[in-house]
Amino acid sequence: MKPFWKKVTAFSVMSTMACFVALPAVTSTAATEVTVQQAGNPQGASVMGNLPGDTPVTVDVVMKVKNKDKLAAFIQDTTTPGSRNYRKYLSVDAFRKAYGADAESVRQVVEYLRAFGIQTTVAPNNLIVTANGTAAQFNKAFSVTLKKEEYKGEHFHGSKENPKVPAHLGNNILCILGLSNYSSYTSHAVKQTPLLENGAVPQGPLSLTPQDLIQHYNVQPLYDKGAAGAGQTIGIVTLADFNQEDAYAFWKQAGISVKPNRITKVNVDGGSGWDGYDETTLDVEQSGALAPQADIRVFVGPNSDTGFVDTFSTAINENKSQQISVSWGESETAVNYLVQLQQETPKYAEVFNQLFMQAASQGISMFAASGDEGAYDAAREFGLSSGIAGATSLSVDTPADSPYITAAGGTTLPFSLHSDKYQIDITNSAERAWGWDYLYPYFDARGLNNPDGWGSRYLAGGGGGFSQLFATPEYQRNVPGVNQYTAVKQWTENADQSSLTRDTAPTIVTGKGKGRNLPDLSMNADPYTGYKVWVSDPGAPGTNAGYATYGGTSFVSPQLCGLSALMNSANGTQAGFWNTQLYRFALQKDSPLHPLNTTGPQNDNGFYTGTPGTVYNQATGLGTPDIAALARKFNRR
């Protein structure tokens, strides 16, 4: 499962960002100004009049990182044995001085907004200026008129006008967030649905526990050494509240002795509601089970662009968590579509990338779920009948696409199914890429082979492919399998890639790609070989409490986060940014990573499959980890 931070329903999403772009300057009686690209509103939104001038509004002004190339080189040094900066991480203050926006640039933004009565708070990294004022104040500051609007029953504010700021400010600002607060962010938790239909009897690991993961991925040797995560802190970035009591109940029933009072909830910008609470619950339960003596800090932010950015900023600037996981996101296709409509800033992904670079420089290991729509990450966001060009194109997920976060992919464990009703036998004899094509015969027999069934079942799988927003990072270059692929073609798109039809039979194709390759590594994520989660009613701990079985790459991200804490405690080190190290390890003869390189429909994520002899493939990345062996690799001092 990967619950998604923002998923598009048809074409009804709008962003809350605006971008400072190089448009012609306009003349003002006060000063030369630059026009800002405004994040627009949902198509078909109704305007209900002007937003009352005394309405409180919060806006984030995102500043540009300085010396970005030097920052990238420094991060590389922190993960390179023999470098003078190997594992010598920055404090937040040192990051701000070396790479945050210049103090004078920040001061000018603060003073400009203060002139309109707007109060500001500057994040410790000098990258985020949070501004609090009224609608009337922001109308004057940015030359806009904020409106009350409604779309599909949701009420919000926004503006179709392009805001303006003095040119000397715009040159130092990456973008702003919050001039509109429309949100369609939803959890996309994949709950295991029954396959027991009139004699269908699945066999296999259907409701796993942490002990199953420990055994399968060779974690036990770390516990045998006495490691348990002591001295480590796990960070969870999320957009939904949760019952802390559920996590403690889960660990108790699993027989896991944990550090008491280990969970701290940090509400950012007022916190969030309960939509997606099962995602937050499983993040805490899974990560905490694998490092039982680690502390856990859960950063809960509002379900909005500003909320998501502020939550990351808070977690990273606090700098107490040596590892941070996130399991929310959206497809790059959706981002690009909204950019084309001028409803999203082209700098959207870079906002998060800047923060992830800061995290890497501070030695924080970052993990993100890669998605649950397989190679077609946008298909279920838009639907298969939206008519939107590119809706069914191959795509990957953001923020997992950032080169400075470890993208967690998904596999399926050995599984079998027999149906008396349909006289069908399904068997997976070995761990493979997660893609539900192994269940196609069963889905077909149930009459699901139609566009509705395709969207909900046939296109599920671990996210993977090529980023259109980020170039191939240095650590992926010259790694066998990167920027080339073998795939199982099972679908044919129409001319503008707005819909697809199923091929009569799968065929093997090969090709080349470019950009950041996703994911980086994978573990079990299929809901039908999924994990138990203990949940009770939202806001009512213990009420209707019990186990449910879920899956998805949102398990893999927090599990890796917990394993990071476990390995750090075992080694007495802080591993820092994983990716540069993972790809180096993968090229060594004693690699702790096991590529899943079988070619064909028995090992694909809906399109990408393995290529024999390579180190990397876009279905499962570098493969699955041997955690004990990986810990030994990270233990180099």
Side-chain angles (χ1 to χ4, degrees), residues 5-6 13-23 25 33-41 57-66 68 99-102 105-106 108-110 112-113 118 120-123 125-133 138 141-144 146 157-183 269 301-302 304-313 316 330 332 334-358 398-399 401-402 404 469-470:
W5 159 47
K6 178 167 66 177
V13 165
M14 75 128 243
S15 168
T16 61
M17 288 189 179
C19 173
F20 290 78
V21 293
L23 297 178
E33 297 178 315
V34 292
T35 302
V36 183
Q37 180 178 316
Q38 168 67 5
N41 302 312
V57 175
T58 298
V59 167
D60 279 352
V61 180
V62 182
M63 309 299 291
K64 295 176 182 177
V65 158
K66 68 183 179 186
K68 186 176 179 181
Y99 305 111
D102 290 329
S105 300
V106 174
Q108 290 176 357
V109 170
V110 168
Y112 176 76
L113 295 173
I118 297 169
T120 57
T121 302
V122 180
N125 58 7
N126 262 19
L127 293 181
I128 310 291
V129 179
T130 300
N132 289 285
F138 282 109
F142 295 121
S143 300
V144 298
L146 295 176
H157 67 254
S159 172
K160 298 183 184 300
E161 299 165 301
N162 290 326
K164 299 178 178 66
V165 296
H168 71 281
L169 299 182
N171 292 335
N172 298 308
I173 295 172
L174 184 70
C175 59
I176 61 174
L177 302 81
L179 290 178
S180 175
N181 66 341
Y182 177 80
S183 170
D269 296 348
S304 64
D305 277 350
T306 50
F308 204 26
V309 169
D310 289 352
T311 305
F312 272 119
S313 178
I316 293 167
E330 69 174 334
E332 285 190 350
V335 174
N336 288 333
Y337 174 68
L338 295 170
V339 168
Q340 291 170 11
L341 293 182
Q342 295 188 339
Q343 296 181 358
E344 184 65 274
T345 167
K347 301 300 184 182
Y348 173 87
E350 183 59 25
V351 175
F352 303 102
N353 191 57
Q354 286 191 165
L355 289 172
F356 300 161
M357 292 185 78
Q358 177 189 351
T398 186
D401 57 353
S402 166
Y404 289 95
L469 302 180
F470 293 102

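All values below come from the heavy atoms of this structure, side chains included, with hydrogens, waters and symmetry mates left out.
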How close do [X] and [Y] get, counting heavy atoms only, and between which atoms?
X: Glu350; Y: Phe470; result: OE1-CE2, 3.8 Å
X: Phe352; Y: Pro399; result: CB-CB, 4.5 Å
X: Leu355; Y: Ser313; result: CD1-N, 4.1 Å

TODO: Could you go through the side-chain contact (heavy atoms from CB on, under 4.5 Å) check for Tyr348 and Asp305 one step at a time?
DONE: CA-CA 9 Å; Tyr348 173 87; Asp305 277 350; 4.1 Å; yes
I'd like to know if the side chain of [X] and the backbone of [Y] have a donor-acceptor N/O pair within less than 3.5 Å.
X: Gln354; Y: Met63; answer: yes
X: Asn353; Y: Ser402; answer: no
X: Tyr112; Y: Ala141; answer: yes
X: Lys64; Y: Asn171; answer: yes

- [ ] Show your reasoning for whether side-chain contact (heavy atoms from CB on, under 4.5 Å) applies to Lys66 and Asp102.
- [x] CA-CA 8 Å; Lys66 68 183 179 186; Asp102 290 329; 3.0 Å; yes
Task: Test side-chain contact (heavy atoms from CB on, under 4.5 Å) applied to Thr306 and Thr58, step by step - done: CA-CA 8 Å; Thr306 50; Thr58 298; 5.9 Å; no
TODO: Going by the side chain to side chain contact (heavy atoms under 4.5 Å, CB included) test, name the single residue among Leu127, Ile176, Ile128 that passes it with Asp60.
DONE: Ile128
Task: Among Val61, Asn172, Val122, the one residue meeting side chain to side chain contact (heavy atoms under 4.5 Å, CB included) with Val109 - done: Val61
Open item on the list: How long is the straight-line distance from CG of Leu469 back to CG of Asp401, given to the nearest 0.5 Å?
Closed with: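 It comes to 5.5 Å.
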